[in-house]
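These figures come from a predicted structure and were not determined experimentally.
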Amino acid sequence: MAVKNKDPLYTQIYKDIRSKIQSGEYPAGKLIPSEKNLIQHYSVSRITVQNALKMLVNESLIKRRPGVGTVVLSAPEPSYEPHFLGLIMSGFLESFGNELLNDIQAQASKRGYFLIVKFTNEDQTLEKRYTQELMQLPVESLLVDPVQRAFHDSKLVPYILQGKPIVVIDKALDGIDSMLVSTDHYAGAFQSANYLIKRGHRKIRIFSYKIISNSSLGQRIKAFRSAYAQAGSPLDNHSLLARINSTYQSSPVAAIVERDVNTIKESLVNDPPTCIVVLDSYLAYLARRALRQLKWRVPHDISFFGFDSSSMIYNSGNYTYLAQNESQIAENAVDLLIRYINGQTISNRQLYIPSSIQEHGTVKNLISPNNYKS
């Protein structure tokens, strides 16, 4: 067998025999072909074969026994080359992100990958920097939870459009044909709106942010508007209060947070709804804080519904909320990425995961007032 590459002939023969020992073609305890047969097989000189065998002896893979032949002692340890996935997260809370991170780590490890994680803290400048850094490292692909901004990352989007192995998590990039694994935010919010409508809550107040904008929050608001319009109770301008300036990264004692709490209190007192709807767990914290200051009881004085839970973070007691399936998002995101890396056919580039309502008795049934959970 003639082998042609840049390695010396004896190195090529050494690698070939080593590979056959490793695969079990030459099993431990058995003889490999004699020198004569190896010379004929590889069409080389005796000294070339001897040099190759000497390298295998030095690795303790074979032993030459006079009068017997060359015996295989053991198979070489398989060579190991680490594989890396990159994960860029905008941040996380106990309510959403913590479980997602842990499950992505577990899914990557299960498939033999190390995970390199970067946190942008909702800073698009950091998102650009980390995207560039990870794409220059020996990272085979990226999972990205984009920052909450109306405009897309100028570093991330070109990589996606070039077909780089990138899966976006949770927040779709509007107008960009990226691979995506996300909660079905519209369907979940539509389900939530109908949950409130069936309990007689036609006058609700949705609290959202003034500055932060992303597809997830937008889909939730759009679904609520659609569901209430279909029910014959279209939401008016007072139904949505998009005036919150602080975020979950703000200091809980900052003046800006107090202003937001006062904004919520003013809205509730001037035009009381039957139910508060908060679009994430930080907004839930602000709203619960406002209710405590007003001394309004939930659900006796007002009902409360949210997206994701905040009980573990803000020590505020839980409320009825729409829960995202973070474990399913993680599993599908890593699986989609690995299939893309391996060149498998991707029939569905965008996967939407169902969510579910978790009851905690904070939504009063106005149609059947004695039954808060029916």
Side-chain angles (χ1 to χ4, degrees), residues 87 89-93 95-104 107 143-150 152 160 166-199 201 204 206-209 212-231 235 240 277-284 305-310 319-337 339-340 346-360 363:
L87 171 62
M89 292 192 72
S90 58
F92 69 92
L93 293 169
S95 60
F96 182 81
N98 188 50
E99 182 182 348
L100 180 67
L101 173 59
N102 290 334
D103 286 339
I104 288 176
Q107 291 295 330
L143 297 159
V144 181
D145 164 37
V147 299
Q148 302 186 80
R149 294 291 183 273
H152 304 327
I160 293 173
I166 297 174
V167 171
V168 176
I169 302 173
D170 185 47
K171 297 182 282 287
L173 301 175
D174 292 335
I176 305 299
D177 182 26
S178 67
M179 290 188 290
L180 169 73
V181 179
S182 171
T183 296
D184 192 333
H185 294 291
Y186 184 90
F190 196 88
Q191 175 193 5
S192 301
N194 279 320
Y195 170 89
L196 298 179
I197 291 167
K198 290 177 181 177
R199 284 155 180 75
H201 292 281
I204 63 173
I206 303 172
F207 291 105
S208 186
Y209 297 99
I212 291 181
S213 175
N214 66 56
S215 60
S216 305
L217 301 185
Q219 287 294 306
R220 289 169 180 173
I221 293 170
K222 181 179 178 181
F224 262 81
R225 289 192 182 281
S226 179
Y228 272 83
Q230 290 182 29
L235 299 178
L240 174 62
V277 177
V278 289
L279 296 183
D280 67 19
S281 61
Y282 177 71
L283 293 167
F305 184 91
F307 289 80
D308 306 324
S309 166
S310 73
Y319 48 84
T320 299
Y321 67 97
L322 189 76
Q324 302 187 62
N325 192 334
E326 296 178 67
S327 178
Q328 197 66 41
I329 293 172
E331 181 177 353
N332 279 270
V334 175
D335 180 68
L336 180 61
L337 202 54
R339 287 193 290 120
Y340 186 81
I346 308 295
S347 57
N348 189 358
R349 289 169 52 86
Q350 300 192 335
L351 305 176
Y352 292 93
I353 310 301
S355 47
S356 60
I357 293 175
Q358 303 296 308
E359 291 271 11
H360 287 281
V363 177

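- One distance of note links CG of Asp145 with CD1 of Ile329; it measures 10.0 Å at 0.5 Å rounding.
- Summarising the geometry, atom CD1 belonging to Ile221 is positioned 7.0 Å from atom CZ belonging to Arg225; distances are rounded to the nearest 0.5 Å.
- Of the possible donor and acceptor atoms, one in the side chain of Asn332 sits under 3.5 Å from a partner among the backbone N and O of Gln328.
- Note that the CG atom of Leu143 and the CG atom of Leu337 stand 5.0 Å from one another [nearest 0.5 Å].
- The CG atom of Leu180 lies 8.0 Å from the CG atom of Leu173; values are rounded to the nearest 0.5 Å.
- In terms of modelled atom types and a separation under 3.5 Å, the side chain of Thr320 and the main chain of His360 share a donor-acceptor contact.
- Taking every heavy atom of both residues into account, Ala284 and Tyr319 meet most closely at CB-OH, 3.2 Å.
- Scanning all heavy atoms of the two residues, the minimum distance from Ser281 to Ser309 falls at CB-O, 3.7 Å.
- At least one side-chain heavy atom of Val181 sits under 4.5 Å from a side-chain heavy atom of Val167.
- Checking side-chain atoms of Arg220 against main-chain N and O of Leu279 turns up a donor-acceptor pair under 3.5 Å.
- Formation of a donor-acceptor pair under 3.5 Å by the Asp308 side chain with backbone atoms of Asp280 is not found in this model.
- Side-chain atoms of His185 do not come within 3.5 Å of backbone N or O of Lys171 as any donor-acceptor pair.
- Side-chain contact check for Leu283 versus Tyr209: some heavy-atom pair is nearer than 4.5 Å.
- Residues Val168 and Ile160 meet the side-chain proximity criterion, which asks for heavy atoms closer than 4.5 Å.
- In this structure, Glu326 CD and Leu101 CG are separated by 10.0 Å, a value rounded to the nearest 0.5 Å.
- Across Ile197 and Ala227, no two heavy atoms sit closer than the pair CD1-O, 3.7 Å.
- To the nearest 0.5 angstrom, Ile104 atom CD1 is 5.0 Å from Leu87 atom CG.
- The backbone N or O of Asp170 sits less than 3.5 Å from a side-chain atom of Ser216, completing a donor-acceptor pair.
- Nearest approach of Ala189 to Phe224, heavy atoms of both residues: O-CE1, 3.6 Å.
- Residues satisfying the side-chain contact (heavy atoms from CB on, under 4.5 Å) criterion with Leu322, sequence neighbours excluded, are Gln191, Ser192, Phe305, Phe307, Ser355, Ile357.
- In this structure Tyr228 satisfies the side-chain hydrogen bond (donor to acceptor under 3.5 Å, both in side chains) test with no other residue, sequence neighbours excluded.
- Using a distance-only test at 3.5 Å, with no hydrogens or angles considered, a donor-acceptor pair links the side chain of Arg349 to the main chain of Asp177.
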